[in-house]
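Working notes for the structure below.
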Amino acid sequence: MIHLATTIYAISLEDYMLPCLNKKLLGIECPGCGMQRSANLLLHGEFVAAFKMYPAIYPILMLLFFLIASSFFHFKHSSKIRMVLMFLTAGTIIVSYILKMNNLFN
């Protein structure tokens, strides 16, 4: 009788992450650096580490969920909510990038 052991192979997202071209060519991180690793941390349940890696991950997720929900449901002030979420996301990306560059060059 043959006994087969069941093995579960976990596929890690780290195997499929794209390198940052800006960082490879210029040596400086771009405003999107850390987003893939932050999403990977979120999938592993490390919410604080995901925020520390890329603070804009939560506004991006809020915007994404709102855009998906607004395609199925009608919201009264959909365009205003979308604009607020877009500005919040862009502002978070810009401020976190400025703080990251400030820490890098000081």
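Under the 4.5 Å side-chain heavy-atom criterion for ILVMFWY residues, a single connected hydrophobic cluster contains both Met62 and Ile68. The hydrophobic cluster containing Met83 also contains Phe73, counting ILVMFWY residues as joined when their side-chain heavy atoms lie under 4.5 angstrom apart, directly or transitively. Residues Phe87 and Ile81 fall within the same hydrophobic cluster, defined by Ile, Leu, Val, Met, Phe, Trp and Tyr side chains chained together at heavy-atom separations under 4.5 Å. Hydrophobic clustering, with ILVMFWY side chains joined whenever heavy atoms are under 4.5 angstrom apart, groups Met35 together with Leu61. A single hydrophobic cluster is not seen to contain both Leu85 and Ile94; linkage of ILVMFWY side chains at heavy-atom distances under 4.5 Å, directly or through other members, places them apart.
Here Phe66 and Phe75 bring their ring centres to under 6.0 angstrom of each other.
Side chains of Pro31 and Lys100 form no contact here, defined as non-hydrogen atoms less than 4.5 Å apart. Side-chain contact between Leu67 and Arg82 is present, with at least one heavy-atom pair separated by less than 4.5 Å. The shortest distance between side-chain heavy atoms of Met86 and Leu63 falls below 4.5 Å.
Thr92 places no side-chain N or O within 3.5 Å of a backbone atom of Ala56 that could act as its donor or acceptor partner. Under a 3.5 Å cut-off, the side chain of Gln36 and the backbone N or O of Leu18 do form a donor-acceptor pair.
Of the listed residues (Phe51, Tyr54, Tyr58), just one forms a side-chain contact (heavy atoms from CB on, under 4.5 Å) with Leu42, and that residue is Tyr58. Under the side-chain contact (heavy atoms from CB on, under 4.5 Å) rule, Thr89 has a single partner from Ile57, Ile60, Val84, Leu64, which is Ile60.
What you find for Lys24 and Pro19 is that their closest heavy atoms are CE-CB, 3.5 Å. Smallest separation of non-hydrogen atoms from Pro55 and Ser96: CG-CB, 3.9 Å.
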**Item:** Derivation and outcome, side-chain contact (heavy atoms from CB on, under 4.5 Å), residues Asn40 and Met17
**Value:** CA-CA 10 Å; Asn40 190 33; Met17 288 187 188; 3.5 Å; yes
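Residues passing the side chain to side chain donor-acceptor pair (under 3.5 Å) test with Lys52: none are found, sequence neighbours excluded. A search for ring-ring contact (aromatic ring centres under 6.0 Å, His included) contacts involving Phe65 returns nothing, not counting sequence neighbours. Judged as a side chain to side chain donor-acceptor pair (under 3.5 Å), and not counting sequence neighbours, Glu46 has no contacts.
Note that the SG atom of Cys33 and the CD1 atom of Ile28 stand 10.5 Å from one another [nearest 0.5 Å].
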